[in-house]
Each structure stands twice: as structure tokens, then as C-alpha cells.
> 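My questions all concern the structure below.
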Amino acid sequence: MEIILKIIDLLPVILPAATGSWALIVFSLKWLQERSQSKEKQSYDMMALIDDPNRPIVGKMAAVYQLRYQQKKHNEFIVRLLQSQIGNIGGNCPENAATLSNEMQDYLRKR
């Protein structure tokens, strides 16, 4: 019976602490999810930039480097994307796309 009374005495301390901890956990999970979605959206925007034949090669190179460091788990896909988009990336100069693709493959081999 004394244990129950001690627990009841501690309830004004335990309940707010538990509620605050729960709120912190929920907030952290929501923040991590939003951050992940933001990174995914940014990756798709970068891929759209690579796919646009009217964009300058400098922007495409920057997009490739950004993708390489941001989305390391998708590096193989990025290499395949570059290889399939050689006409769009290089515009009048497909060597640019080949250079980007080769640099990406070299980077993957070194890892």
C-alpha cells in the first residue's frame, strides 16, 4: 500500500515528464521525416535539371556532383541516368556527358 501512495505522490512529476518526452520524440520523428522528404525532392529537382536539354552543362555538372554527395545510396542509378541521358546532358557535345558519367564511375570504384 505504501508503494502505491509513493507512486501517487510522484504522479505530478512523472506525468509532465513523460508527456514532454513523448512530445520530443514525436517532434524529432516528424522533423526527420520532413528532412528526408526535402532531400528526396531536391534529388528529383537535380535529376530534372540533368534531363533538361536546354540547361547549360555547368548546371548539369553541379547537379551531378550534388547528387553524388547527397544521395550516396543511389550512385549506381545516377550513373545509369547519366549514360541514358548523354544526348540531353551534352547537348551539342556528348563528350561532356561521357565525362560526367566516367567521373561518377571512377568515384564509385574508389569507394
> What's the spacing between L5 CG and L10 CG if we round to 0.5 Å?
11.0 Å
> Donor-acceptor pair, distance only, cut-off 3.5 Å: does the side chain of S36 make one with the backbone of L32?
no
> Kindly compute the distance separating CG (D45) from CD (Q42), expressed to the nearest 0.5 Å.
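If I round to the nearest 0.5 Å, the distance is 7.5 Å.
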> Should we count CG of L15 as having more than 12 external heavy atoms under 6.0 Å?
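More than 12 within 6.0 Å, yes.
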> Are S28 and L24 packed together at the side-chain level, in the sense that at least one heavy-atom pair is separated by less than 4.5 angstrom?
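Yes, their side chains come closer than 4.5 Å.
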